[in-house]
Protein chains: 2
Amino acid sequence: MNTSLNEARSRFLQCWGEMGSCWGINKTMAQIHALLMVHEEPLSTDEVMRELNISRGNANMNLRSLVDWGLVRRSFKKGERREYFQSEKDVWRMFCTIARERKKREIEPVITALQECLAIAGRDRDCAAFRKQVESILEFVKTADLMLGKISQQQKSRVLPLLVRLLG
Amino acid sequence: MNTSLNEARSRFLQCWGEMGSCWGINKTMAQIHALLMVHEEPLSTDEVMRELNISRGNANMNLRSLVDWGLVRRSFKKGERREYFQSEKDVWRMFCTIARERKKREIEPVITALQECLAIAGRDRDCAAFRKQVESILEFVKTADLMLGKISQQQKSRVLPLLVRLLG
DNA sequence: TCGTACTTTCAGAAAGAACTGAAAGTATGA
DNA sequence: TCATACTTTCAGTTCTTTCTGAAAGTACGA
């Protein structure tokens, strides 16, 4: 098999794994995702284990997480009991999926927590400065949340013109 | 001192620390940042150590990181040798600073790495599918990079109208 | 130049996250 | 019902990151 393709692939897996770590995503999960992204054909758990040199438990757990995130689909070959996994390939749809999940898992809980902070603080005069700061953070996070929600519902083609306007 | 304010503060520190972890930021660093955000007055290393119950080394290291990120400024009180630290309070400016830093530290290196992947792969026919996928990822990351760069240069007042259009 | 009041560094310790692999669980077809 | 071919779980281990605290470094005024 083409050596430079192999080398390029493994460079890509490494890159994607590191990027994941930066953004709070398990490195192996990111690498499995990368692996599936650059394979047209669905891969089995055993193939993933072999390609990344990881244990069955690890492969299974991270494949499941990817399915939970909606980035990877289980797929079956007729006449085979074994399950295969296939990644979403379209980058914009991947982005939308990730945005929706992080919104739900991470941003919305922060909004709730900040609202709790304000509720706990109450309205005493000596809380005024604290309230003001937390309120402005909350407002920002809410706007970001709303925006992420809207953007991740759009077709890519509808977002591009806005970007052009912004970048122009 | 007002108990509910204390409770609200510590809830806020906890919340910000957890959020940091989600996004690949050291929890203690995020908590120090939170602590400084809700204090009008600059705090000394010893005050930070006391409030968060952490060691001198830890406090020193994370305060330095925050200064490196440009989120916190050193400040001095006249007649005192000790240094104090003060956080940027404006949320939009905080966001811009973080965006610029992550762009520089994390996004630009990914662009370079992806370009390397393409260079390694070369133009053989059996690389075509790989190239196509990596190219579309690269295009997306470049657009995100460009956009983050533009947005984080804007005044908040110039971004809001765009959001309104988008959200409408 | 020395003593004081601080800041920085870093080797080792602790905590936390991720991983392994064997055992248990499950589905299928004969 | 059983054997087979898989998937899932989880207790224990390994790896990574973060933290500690004492020692070294630095700056200043007397």
Side-chain angles (χ1 to χ4, degrees), chain A residues 13-36 42-69 71-86 102 105-106, chain B residues 13-14 16-36 41-69 72-86 105-106:
Chain A
L13 300 194
Q14 191 202 333
C15 162
W16 212 242
E18 279 167 18
M19 198 214 45
S21 305
C22 281
W23 296 85
I25 288 153
N26 176 316
K27 187 180 137 219
T28 302
M29 179 169 151
Q31 287 186 332
I32 296 179
H33 184 216
L35 181 66
L36 295 177
L43 299 183
S44 68
T45 302
D46 290 74
E47 286 164 325
V48 171
M49 286 166 64
R50 196 168 341 112
E51 292 272 349
L52 295 176
N53 235 298
I54 59 176
S55 71
R56 187 168 298 285
N58 195 9
N60 182 70
M61 186 181 55
N62 284 297
L63 281 165
R64 181 151 41 78
S65 293
L66 284 164
V67 172
D68 285 351
W69 274 72
L71 292 166
V72 163
R73 288 194 311 282
R74 291 173 199 273
S75 93
F76 297 91
K77 294 190 181 174
K78 57 181 181 243
E80 277 202 67
R81 189 180 298 177
R82 184 190 300 255
E83 39 185 19
Y84 287 81
F85 298 89
Q86 186 168 34
R102 296 204 90 147
R105 298 174 185 220
E106 292 157 14
Chain B
L13 301 194
Q14 192 203 332
W16 213 242
E18 279 166 17
M19 198 214 45
S21 305
C22 282
W23 295 85
I25 288 153
N26 177 315
K27 187 181 138 219
T28 302
M29 179 168 151
Q31 287 186 331
I32 297 178
H33 184 217
L35 181 66
L36 295 177
E41 294 302 308
L43 298 183
S44 68
T45 303
D46 289 75
E47 286 163 325
V48 171
M49 286 165 62
R50 196 166 344 111
E51 292 271 350
L52 295 176
N53 236 297
I54 59 176
S55 71
R56 186 169 300 284
N58 196 8
N60 181 71
M61 187 180 54
N62 283 298
L63 281 165
R64 181 150 42 77
S65 294
L66 285 164
V67 172
D68 285 350
W69 274 73
V72 163
R73 288 197 312 283
R74 291 173 199 273
S75 95
F76 297 90
K77 294 190 182 174
K78 57 179 181 245
E80 278 202 66
R81 189 180 297 176
R82 183 189 303 253
E83 40 185 18
Y84 287 81
F85 298 89
Q86 186 168 34
R105 297 174 185 220
E106 292 157 13

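Proteins get letters first, then strands, A, B, ... in listed order; numbering begins at 1 in each.
Partners of B:Arg81 by salt bridge (charged side-chain N to carboxylate O under 4.0 Å, His left out), not counting sequence neighbours: none found. With sequence neighbours excluded, the residues satisfying side chain to side chain contact (heavy atoms under 4.5 Å, CB included) with A:Leu66 are A:Met29, A:Ile32, A:His33, A:Leu71, A:Val72. Listed by chain and number, the residues in a salt bridge (charged side-chain N to carboxylate O under 4.0 Å, His left out) with A:Arg56 are A:Asp46 (sequence neighbours excluded).
Atoms CG (B:Asn26) and C1' (D:dC19) sit 10 Å apart, rounded to a whole Å. Taking atom CD of residue A:Glu80 and atom P of nucleotide D:dT4, one finds them 19 Å apart after rounding to whole Å.
When every heavy atom of B:Ala59 is checked against every heavy atom of B:Met49, the shortest pair comes out as CB-CG, 3.8 Å. Here the shortest heavy-atom pairing between B:Gln31 and B:Gly17 reads CG-CA, 3.8 Å. When all heavy atoms of A:Phe85 and A:Leu36 are compared, the closest pair comes out as O-CD2, 3.7 Å.
Using modelled atom types and a 3.5 Å distance limit, the side chains of B:Ser44 and B:Glu47 yield a donor-acceptor pair.
The bend of the helix from C:dT1-D:dA30 to C:dA30-D:dT1, defined by the angle between the axes of its first five and last five pairs, stands at 10° to the nearest 10°.
One finds the CG atom of A:Asn26 at 7.0 Å from the CG atom of A:Asn58 (value rounded to the nearest 0.5 Å). For the atom pair A:Glu18 CD and A:Lys27 NZ, the distance stands at 8.0 Å (nearest 0.5 Å). With rounding to the nearest 0.5 Å, the separation of SG in B:Cys22 from CZ in A:Arg102 is 7.0 Å.
If you walk DNA chain C from 5' to 3' and mark each nucleotide with an atom closer than 4.0 Å to a heavy atom of chain B, the marks span C:dT4 to C:dT9.
Remark: A:Arg56, A:Gly57, A:Asn60, A:Arg64 in residues 56-69 of chain A come within less than 4.0 Å of DNA chain D through at least one heavy atom.
Residue A:Thr45 places none of its side-chain N or O atoms closer than 4.0 Å to OP1 or OP2 of D:dC6.
Residue-level contact check: B:Arg82 touches the backbone only, with heavy atoms under 4.0 Å from sugar-phosphate atoms and none from bases.
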